[in-house]
Amino acid sequence: MDASSSPYGSVEPARQGVVDRDGVRIWYAVWGDSGPWIAFAPPIQMVHSEMLKATVPYQSQHFRVVTMDGRGNGRSDRPATQDAYSFDIFHDDFVAVLDATAGTERAALVGISCAAMTVLRVAAEQPQRVSHLVIAGGFAESLVDTDAIARRVQAEADQTRDDWPGYIDAFMASLFSEPHSSKPFDDGVGYARATSGDIINMVRKAWKGNDVRALARRVACPTLVIHGDDDHRVMYAQGKAIHALVPGSRLLTVQGGGHVTAVRDPVLFNRSVRDFIGGAPRSATWVRAMKRRRRALFISSAIGLGHVQRDLAIARSLRTLQPDLDIDWFTVDPAARYLAQEGERLHPVTQRLANESRHFEQQAGEHDLSAFFALRTMDEIMTRNFMTFIDLVEAEHYDIVVGDEAWEVDYHYHENPELKRQPFVFLTDFVGCLPMEPGNEREALLCADRNADDLEHVARYPGIRDAALFVGNRDDVTEASFGPGLPGIRDWTDRNFSYCGYALPFDPAALADTERLRARHGYRRGEKIAIATVGGTAVGRPLLRRIVQAFPRMKRELPELRLIVVAGPRLPTDDFPQLDGLEIRPYVHKLYEHLACCDLALVQGGLSTCMELVATRRPFLSFPLQRHFEQCVHVRCRLANYGADRSLDYATLDPDTLAERALAAMHEPVRYRPVEMDGAARAALRIAQVLDNRWCAR
């Protein structure tokens, strides 16, 4: 693990460092710069502090949060002798980190699993420095005092020594007994692989044979005990025992919950910890019911610019139906930049959001992006952004929430249905994750598991989505299956969505006069205009470079050709060579106006740009990202319905072949079928009906 990087990709520590404990370096970090102190003691070294990725980024907005890696894993050293591992040493490591960070200030302590023994001891022995205790999945004694326990301990030691990979799998499976826990399981396996079986055997021996029950009785600070009653690692009775030991403690039982609530049920954990400890002062405004203006919150996915452009078209149609409606926006760049230029109000709380586009860029290769795994590894971002969303809707009144591919809100609402406070309308232009690697059984299994989770959510809580709108038509939905034993995607979508047609951000008739458009945007008569664009992220950098490499040949055969490369808001414009006829532009507002008058567009393969080109009947070629199930399957299915599947395989195109295909496409006749004009209005009507409580789409 790189010691210079953040264990939580969406947030950086306020400071980090190491404490030297007799030559063993213990890594720690402080997250956030205001509010009370909260410190997480490290649990067993099968994991490290990245395990807290779903809680620390959010808690650091309310607290100054201390995390550390226990010796034996993560960024801390891994001493190789048994005398470097004992419960006393683990306790002293934690106290040393408290001394190095919070100093003498009082801190709330959080102990997960065996770390419960650490924080109980600190709270009993140093009560002046502990304000609160939170114990999750914990136990107060680890005595090996029966033959059955001794046999189990020995069996685990033997398996750790003889079959370390198998032991990791078994251990992580015991932590996550909840259905659809493949992602935390995989994360846990990765954490464990950062250490070794030899170290864990020494660690396990150090954690065994300890008893802090007498200390627990001396704890005087407010204490919250969280425990799942389906915990397969530490039985529920052990959490109840701590509750009985600590005077005045509170017990939160997670019915059906497993061992690590902070990972598997992070929203519950985050809110419980924040509310119990108090956090930074919060404020809210209550407006008398008859004084409230009608307000809507639009959540727009910031992966690309297509979502926000169609969402603004829907919002403007909605305003014609509801003139007194105020609309706030909940998104980040590049969508936020587009909205600002359109004069829309971005809620200030969005400054706390993690950026989805940055995550997708980090997951991409050379014109290659496994969209499924990019979504799957966005769990930290989804939790953090949902927590920010919940903070907002609890502090301010909204009459309706509209979420365009707001997967974080949709998922966590279904996992925490009691949090829904107002009507929620969900929009998407694709349904179902699909595996893209033939023969990759694990990818297929994980896709099916994610799909099954979504289907079970909707079946169990159909009222979470007051309306579910598919931005398109029935034929645009693939007939593929969600997975083995699961329904067909189109049949399920028929039952659970309403079709509103495609929502364009403009009226194609207003852009039909191409000569007038060309003059408005500075294009000269007689020149041929090609535009290359890859959307609002930096994922398309390799494609733009390949197009620029092909341009000299195109220019030789068509001297009047001018190539406009739109680098977008997240790519530097100095990333390309200077060539005659080549122009590099940064972000171009209302790019669709330029595309509507070009002679050829070369685009990545995202739905919005392709559909804009179909609507304005412009020649184009698209280059779907490899392994991107949405671009390679869902978008191509839709474009085929309009007679406009113009996709090429990036991997097979050298610059000369690309130049040849581009010049040919420029002169081929366009025979696309017309794109419907009323999609945004139809979507707005459904939203307005939900807002008025007169209609519920299903």
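Each residue takes its place number in the sequence, starting with 1. Below, each value reflects all heavy atoms present in this structure, side chains not excepted, and no hydrogens, waters or symmetry copies. It should be emphasised that the depicted structure is a prediction, and the values quoted were computed from it without experimental measurement.
Side-chain atoms of Arg421 and Tyr398, non-hydrogen and from C-beta on, never get closer than 4.5 Å to each other. Using a 4.5 Å heavy-atom cutoff, the side chains of Ser370 and Met436 are not in contact. For the pair Ile390 and Tyr58, the minimum side-chain heavy-atom distance is 4.5 Å or more. The closest side-chain heavy-atom distance from Val603 to Cys610 is below 4.5 Å. Here the side chains of Lys590 and Phe506 are not in contact, with every heavy-atom distance at 4.5 Å or above. Looking at heavy atoms from C-beta onward, His414 lies in side-chain contact with Arg465 at the 4.5 angstrom threshold. Here the side chains of Asn451 and Trp492 are not in contact, with every heavy-atom distance at 4.5 Å or above. Within the 4.5 Å cutoff, the side chain of Arg646 has heavy atoms near those of the Glu668 side chain.
Counting non-hydrogen atoms of other residues, nucleotides and ligands closer than 6.0 Å to CD of Glu515 gives a total above 12. For CD of Glu441, the number of neighbouring non-hydrogen atoms (other residues, nucleotides, ligands) closer than 6.0 Å is 12 at most. Crowding of Arg661 atom CZ: a count of heavy atoms from other residues, nucleotides or ligands under 6.0 Å not exceeding 12.
With no hydrogens or angles considered, a side-chain donor-acceptor pair links Ser181 and Arg264 at under 3.5 Å.
Look at Asp692 and Arg294 and you find a salt bridge, because one of the NZ, NE, NH1 or NH2 atoms lies within 4.0 Å of a carboxylate O, short of that distance. Classification of Asp328 and Arg345 as a salt-bridged pair holds, one side-chain N sitting under 4.0 Å from a carboxylate O. Between Arg316 and Glu342, at least one side-chain nitrogen of the basic residue sits less than 4.0 Å from a carboxylate oxygen of the acidic one, meeting the salt-bridge criterion. Salt bridge status for Arg520 with Glu593: present, with a side-chain N to carboxylate O gap under 4.0 Å.
Legend: residues meeting salt bridge (charged side-chain N to carboxylate O under 4.0 Å, His left out) with Asp187, ordered by chain and number and at least two apart, are Lys53, Lys183.
For the pair Arg638 (side chain) and Asp429 (backbone), a donor-acceptor distance under 3.5 Å is present. Judged by distance alone, the side chain of His634 and the main-chain N or O of Thr478 form no donor-acceptor pair under 3.5 Å. A distance-only check finds a donor-acceptor pair linking the side chain of Arg618 to the backbone of Cys598 [under 3.5 Å].
A distance of 10.5 Å separates OH in Tyr502 from CG in Asp476, rounded to the nearest 0.5 Å. Here the straight-line distance linking atom CG of Leu346 with atom CG of Leu339 works out to 6.5 Å at 0.5 Å rounding. Taken to the nearest 0.5 Å, the CG atom of Asp494 stands 3.5 Å off from the OH atom of Tyr499. Summarising the geometry, atom NE2 belonging to His412 is positioned 10.0 Å from atom CG belonging to Asp265; distances are rounded to the nearest 0.5 Å. Between the CZ atom in Arg546 and the CG atom in Leu653 there is a gap of 7.5 Å [rounded to 0.5 Å].
Checked against the 6.0 Å centroid criterion, the rings of Trp407 and Phe389 do not qualify as a close aromatic pair.
When each of Arg585, His589, Arg518 is tested with His594 by the rule side chain to side chain contact (heavy atoms under 4.5 Å, CB included), just one qualifies, namely Arg585. A side chain to side chain contact (heavy atoms under 4.5 Å, CB included) with Cys597 holds for exactly one of Leu511, Ile531, Thr514, Asp513; it is Thr514.
For the pair Arg450 and Phe372, the cation does not sit on the ring face, since its NZ or CZ is not both under 6.0 Å from the ring centre and inside 45° of the axis. Both the sub-6.0 Å distance and the 45° axial angle are not jointly satisfied by Arg673 relative to the ring of Tyr642.
Note on ring orientation: taking the six-membered ring where Trp is involved, the planes of Phe424 and Tyr413 are perpendicular (angle over 60°, cut-offs 30° and 60°).
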